[in-house]
2 protein chains.
Amino acid sequence: MNTSKKIKIAILDDHPLIIEGLNLLFSKSEDYEVISGFTNSTSLFNFKKLNSIDILLLDVFLKDDNGIDVCLKVKKYNPKIIVLGMSSQSERSIVLQMIKNGANGYLLKSANLDEFIYCIKNAIEGKIVFSKEVETLMNIAHFSDLKSIPRLTQREKEILQLLIQGKSTQEISEILFLSFLTVQTHRRNMLNKFQLKNAVELINFVNQNGLL
Amino acid sequence: MNTSKKIKIAILDDHPLIIEGLNLLFSKSEDYEVISGFTNSTSLFNFKKLNSIDILLLDVFLKDDNGIDVCLKVKKYNPKIIVLGMSSQSERSIVLQMIKNGANGYLLKSANLDEFIYCIKNAIEGKIVFSKEVETLMNIAHFSDLKSIPRLTQREKEILQLLIQGKSTQEISEILFLSFLTVQTHRRNMLNKFQLKNAVELINFVNQNGLL
DNA sequence: TTATTTTTACCTGATTTCAGGTAGTTTTAT
DNA sequence: ATAAAACTACCTGAAATCAGGTAAAAATAA
């Protein structure tokens, strides 16, 4: 870590207001500086000095893209860039996916300004950081989830996607050119995998755990 | 409208960052001033000078409360206060409910800074205002919705709530001390009301139109 | 190449949901 | 007081879902 220079922060958030706020927050600091703010992912990836970024504060809900994919791309490009996910509401599933994709932490935008600073500091030191509320959300059944939840196969995902739209087994079989009976089997397998009772429960479960 | 004084803006948003940003935005203006920012609804309602507020910028997703209820309370207290809803993602249902509760407009936080100013200006002049994205979202089937969508009765809502949790008709009947057949009738009535095929479609419809 | 996973498909049977109709009671609004 | 709406409950029958099992291709990984 080079201490002679300020730590360079970039922001990707489709809310100009948030960028303004963060800018203001760090403008007083002697250790950090915001070198650029982007409102969409393409302008981030077109950024010439991508490699000079130390920390990327990354909103997960973007207009043109989503933070989960952006995180993966950034980490692939340069794993040394510290990526901190941000959003307004925190969902377990999203936080889990971000961490799975290499993010170094997750902050709620509603966090106190102190919390922002504190988390960034710790992230630089190599820790995985969460703002308070995210932490409590995560601790309920902490990290076991990433392994214990069986995942869906490709076909299952396709069927699930149609199921979520309210399509019946018959309709799904016609859309995917499968036997009615095959679709039934897949449905049953999904219910069995997660120990659920019916389609509604399945959809709830999938939404809550971001399995699609 | 008193032009000798600045127009007084209050902000209720659980994101300190947003409040900071808006503060900065209006700090340059000669026409507007931010007189106070709140991060929860109780502190807003404890505010002594509530009546001096001209415009309330109101986040709909709050920790302790929700903007839809807050809007109603504020308008009840003083209908002259101009209330503009804000959120990160826009959902038809929420926007509709806000307007129904007397809000004077709705802005996405991702709106450009110019858009904020523009909308506030027009709201003061008595218009119902939307930021661009909200406008396109609303225009798809514009305001007919408020009337044309038949609404759910109390009992139907109770049953729907359980249905959404994945409960079966049998379970629901036990929970609500009703006949199995009665619950079936209510389910059927709901499907008929909205011309839907099955429970999953019903749940989607309700979520999309905020009927619960 | 072999083992494993995935995808496909069938059978049987129980349970649940969906669709149509009717109808008495209670609550709410005019 | 009367009409309208909401709530309750029943009947019948068709359709769909759920639950158990088996099993053979096909694709993927070791």
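Chain identifiers are assigned alphabetically (A, B, ...) following the order of the sequence lines, protein sequences preceding nucleic acid strands; residue numbering begins at 1 within each chain. Here the structure is a predicted model, which means the values were calculated and not measured.
For the segment residues 163-175 of chain B, the set of residues with a heavy atom within less than 4.0 Å of an atom of DNA chain D is empty.
Side-chain polar atoms of B:Asn51 and B:Tyr77 form a donor-acceptor pair below 3.5 angstrom.
Rounded to whole Å, the distance from CZ on B:Arg187 to C1' on D:dC7 is 18 Å. Put simply, CZ on B:Phe194 is 15 Å from P on C:dC18, counting in whole angstrom units. As a whole-Å value, the separation of B:Arg188 CZ from C:dG20 P is 8 Å. At whole-Å resolution of the value, CE in B:Met190 and P in D:dA6 are 13 Å apart. Distance B:Lys157 NZ to D:dA6 C1': 13 Å, rounded to the nearest Å. Rounding to whole angstrom units, CD of residue B:Gln184 and C1' of D:dC7 are separated by 16 Å. Residue A:Asn192 contributes atom CG, which lies 16 Å from atom P of D:dT17 at whole-angstrom precision. When rounded to the nearest whole Å, the span between CG of B:Leu181 and C1' of D:dG13 equals 14 Å.
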Handout entry: Verdict with reasoning, A:Asp59 to A:Lys109, per salt bridge (charged side-chain N to carboxylate O under 4.0 Å, His left out)
Key = CA-CA 9 Å; A:Asp59 188 12; A:Lys109 288 186 196 171; 3.2 Å; yes
Practice task
Kindly indicate, with the supporting measurements, whether the criterion ring pair (Phe, Tyr, Trp, His ring centres under 6.0 Å) is fulfilled by B:Tyr106 and B:Phe130.
Solution key: CA-CA 5 Å; B:Tyr106 203 97; B:Phe130 299 112; 7.6 Å; no
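Taking B:His186 as the reference, nothing meets the side chain to side chain donor-acceptor pair (under 3.5 Å) condition, with sequence neighbours excluded. For the side chain to side chain donor-acceptor pair (under 3.5 Å) test, no residue two or more places apart in sequence or in another chain qualifies with A:Asn112.
Checking each of A:Lys132, A:Met86, A:Glu133 against A:Leu108 for a side-chain contact (heavy atoms from CB on, under 4.5 Å) leaves exactly one that passes, namely A:Glu133.
What you find for B:Leu62 and B:Asn66 is that their closest heavy atoms are CD1-C, 4.4 Å.
Where the helix from C:dT1-D:dA30 to C:dA29-D:dT2 starts and where it ends, the local axes point in directions that differ by 70°; five pairs per end, rounded to 10°.
A:Glu156 places a side-chain N or O within donor-acceptor distance of the main-chain N or O of A:Thr153, the cut-off being under 3.5 Å.
Atoms OG1 and CZ, from B:Thr169 and B:Arg187 in turn, are 3.5 Å apart once rounded to the nearest 0.5 Å. Taken from CG in B:Asn204 to CD1 in A:Ile164, the straight-line distance is 8.0 Å, to the nearest 0.5 Å.
Between B:Phe180 and B:Asn198, the residue whose closest nucleotide on DNA chain D is further toward the 5' end is B:Phe180.
Annotation: salt bridge (Lys or Arg N to Asp or Glu O under 4.0 Å) contacts involving residues 41-50 of chain A, sequence neighbours excluded, are absent.
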Fill in the blank from the handout: Nucleotide by nucleotide, nucleotides 2-8 of chain C touches protein heavy atoms under 4.0 Å in the pattern (B base, S sugar-phosphate only, - none) ----SSB
